[in-house]
Amino acid sequence: MRDITIAKSEFVPDQKAITKIQDFQDDPELFRYCSLPQILKYVECFTGPNIMAMHTMLINKPPDAGKKTSRHPMHQDLHYFPFRPADRIVCAWTALERVNRQNGCLVVLPGTHMGTLKEHDYPEWEGGVNKMYHGVRDYDPQQPRVHLEMEKGDTVFFHPLLIHGSGMNKTQGFRKAISCHYASSDCNYIDVKGTTQENIENEVKEIASKRLPEAVGITFQDTWAFRGRLVKGEKRIL
Ligand SMILES: O=C(O)CCC(=O)C(=O)O
């Protein structure tokens with residue numbers, strides 16, 4: 001994924017526009033992160049013994065190019081997932097260097113994981129917003145928030161309903177992190193038609209059919225089934 005502002009600039013060398021590498025499940029070196037016993041030990045407390053790595057990301061938040069597009073709007077990850085139950089899904093997010101408010105650490109709204117899935121859409125940001133960066137629609141900026149300042153190698157585990165995002169990178173360096181969303185292989189796919197997730201379903205299907213024109217009739221659920229990898233235990237439903 002490319003940062004919208006940087007990708008438009010003809011002066012920036014191409015690799016510097018890379019904000020994220022998603023779906024590294026077929027890269028043995030990067031995928032080693034998802035199988036680390038030190039991570040799975042905690043993941044298992046949420047998922048139980050049958051663990052699927054569903055979504056992988058190497059995040060390379062670039063120095064902000066002046067339009068605040070390095071921010072990640074406040075969102076709930078469950079918005080992107082057509083599988084349940086939410087309590088059997090967890091994200092592990094590991095800092096690859098010191099992250100703080102200057103380089104755009106994670107920001108969370110404590111306790112929101114006990115709420116419900118909210119409506120999401122593109123925020124109306126003056127400088128634009130990156131592709132697929134949906135945010136909670138009725139987000140109240142006055143709600144108490146916690147900035148997760150972390151050292152290199154620190155890992156945070158969080159629930160898919162937790163409202164979170166990340167700030168602008170005000171430094172000249174690329175803020176790097178690696179993350180994986182895990183789910184129990186006993187989770188099941190749901191139909192999101194008629195729900196708040198229908199907008200992301202349509203967007204994902206549109207992108208999938210552009211990238212894979214031969215995959216006629218590909219569903220939102222297929223795009224997840226195709227990426228999920230078993231990391232421990234038995235493959236069951238997902
Ligand atoms: O690493 C970040 O800046 C935020 C990542 C995130 O919340 C996401 O990609 O869903």
Side-chain angles (χ1 to χ4, degrees), residues 1-24 55-80 91 93-109 112 118-150 152 156 158 160 162-179 181 196-208 210-211:
M1 297 177 71
R2 289 163 204 279
D3 179 273
I4 179 178
T5 313
I6 302 173
K8 280 185 188 158
S9 161
E10 55 193 290
F11 305 110
V12 179
D14 198 39
Q15 70 273 23
K16 293 214 167 148
I18 304 295
T19 291
K20 246 185 207 182
I21 293 175
Q22 298 216 77
D23 307 322
F24 58 65
H55 184 218
T56 51
M57 288 189 287
L58 185 69
I59 309 157
N60 185 45
K61 190 193 272 288
D64 197 87
K67 302 251 178 180
K68 301 190 181 167
T69 50
S70 66
R71 289 178 296 169
H72 198 128
M74 300 301 274
H75 65 283
Q76 294 167 301
D77 292 334
L78 196 66
H79 174 63
Y80 297 89
C91 176
W93 189 103
T94 302
L96 294 179
E97 60 193 318
R98 187 172 157 65
V99 295
N100 53 26
R101 291 185 71 164
Q102 275 302 106
N103 62 7
C105 63
L106 289 178
V107 185
V108 305
L109 303 188
T112 49
K118 313 254 180 266
E119 231 178 290
H120 286 63
D121 216 336
Y122 282 109
E124 285 168 13
W125 285 349
E126 234 174 81
V129 60
N130 288 326
K131 191 103 185 107
M132 302 244 269
Y133 278 28
H134 291 193
V136 170
R137 214 185 225 176
D138 62 354
Y139 168 65
D140 169 9
Q142 301 310 325
Q143 256 184 280
R145 46 168 70 196
V146 173
H147 289 87
L148 302 187
E149 298 209 316
M150 296 162 67
K152 178 175 178 168
V156 61
F158 59 92
L162 183 78
I163 300 181
H164 67 286
S166 64
M168 181 159 90
N169 182 358
K170 299 178 194 147
T171 70
Q172 287 313 304
F174 287 74
R175 191 229 66 190
K176 290 184 171 54
I178 189 166
S179 89
H181 283 95
T196 57
Q197 290 178 263
E198 210 170 347
N199 58 356
I200 189 69
E201 172 179 55
N202 292 336
E203 195 170 335
V204 167
K205 281 193 341 198
E206 196 184 313
I207 294 172
K210 268 191 204 142
R211 287 202 196 150

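Because the structure is predicted, anything quoted here is derived from the model rather than measured. Position 1 is the first residue of the sequence; numbering continues from there.
Of the listed residues (His120, His75, Glu203), just one forms a side-chain hydrogen bond (donor to acceptor under 3.5 Å, both in side chains) with His134, and that residue is Glu203.
For Gln22, the side-chain contact (heavy atoms from CB on, under 4.5 Å) criterion is met by Met1, Lys20, His55, Met57, not counting sequence neighbours. With sequence neighbours excluded, the residues that form a salt bridge (Lys or Arg N to Asp or Glu O under 4.0 Å) with Glu206 are Lys210. Listed by chain and residue number, nothing satisfies the side-chain hydrogen bond (donor to acceptor under 3.5 Å, both in side chains) test with Thr196 (two or more places apart in sequence, or in another chain). Under the salt bridge (Lys or Arg N to Asp or Glu O under 4.0 Å) criterion, Glu149 pairs with no residue, sequence neighbours left out. Evaluation of the side-chain hydrogen bond (donor to acceptor under 3.5 Å, both in side chains) rule for Glu119 yields Arg137 as partners, not counting sequence neighbours. For Lys176, the side-chain contact (heavy atoms from CB on, under 4.5 Å) criterion is met by Asn60, Leu96, Glu97, Phe174, not counting sequence neighbours.
Between atom OG1 of residue Thr19 and atom CG of residue Leu58 there is a gap of 11.5 Å, rounded to the nearest 0.5 Å. A distance of 15.0 Å separates CZ of Arg101 from OG1 of Thr171, quoted to the nearest 0.5 Å. In this structure, CZ on Arg175 lies 8.5 Å from SG on Cys105, to the nearest 0.5 angstrom. Note that the CD atom of Gln76 and the CD1 atom of Ile163 stand 4.5 Å from one another [nearest 0.5 Å]. Atom CE of Met150 sits about 6.5 Å away from atom CG of Leu106, to the nearest 0.5 Å. With rounding to the nearest 0.5 angstrom, the CG atom of Asp121 is 12.0 Å from the CG atom of Asp138.
Counting only N and O atoms by type, the side chains of Asn169 and Ser70 include no donor and acceptor under 3.5 Å apart. With hydrogens and angles left out, the side-chain atoms of Ser166 and Lys61 include a donor and acceptor closer than 3.5 Å. With 3.5 Å as the limit, one finds a donor-acceptor pair spanning the side chains of Asp77 and His181.
Looking at heavy atoms from C-beta onward, Trp125 lies in side-chain contact with Pro73 at the 4.5 angstrom threshold.
A 6.0 Å sphere centred on CZ of Arg145 holds more than 12 heavy atoms belonging to other residues, nucleotides or ligands.
Although no hydrogens or angles enter the test, the distance criterion places a donor-acceptor pair under 3.5 Å between the side chain of Asp64 and the main chain of Thr69. With hydrogens and angles disregarded, a donor-acceptor distance shorter than 3.5 Å links the side chain of Arg71 to the backbone of Lys68. Asn202 contributes no side-chain N or O that, together with a main-chain N or O of Asn199, makes up a donor-acceptor pair within less than 3.5 Å. The closest donor-acceptor contact from the side chain of Gln197 to the backbone of Leu78 lies under 3.5 Å.
For the residue pair Thr112 and Gln143, the shortest heavy atom distance occurs at CG2-NE2, 4.0 Å. A pairwise comparison of heavy atoms in Tyr139 and Pro141 identifies O-CD, 3.3 Å as the closest pair. Shortest non-hydrogen contact noted between Arg98 and Asn103 is O-ND2, 3.0 Å. Contact detail for Trp93 and Phe158: the closest heavy-atom pair is CB-CE2, 4.1 Å.
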- [ ] Kindly indicate, with the supporting measurements, whether the criterion side-chain contact (heavy atoms from CB on, under 4.5 Å) is fulfilled by Ile207 and Lys131.
- [x] CA-CA 11 Å; Ile207 294 172; Lys131 191 103 185 107; 4.2 Å; yes

- [ ] Would you sort out whether Val108 and Leu148 count as a side-chain contact (heavy atoms from CB on, under 4.5 Å), showing the intermediate values?
- [x] CA-CA 8 Å; Val108 305; Leu148 302 187; 3.8 Å; yes

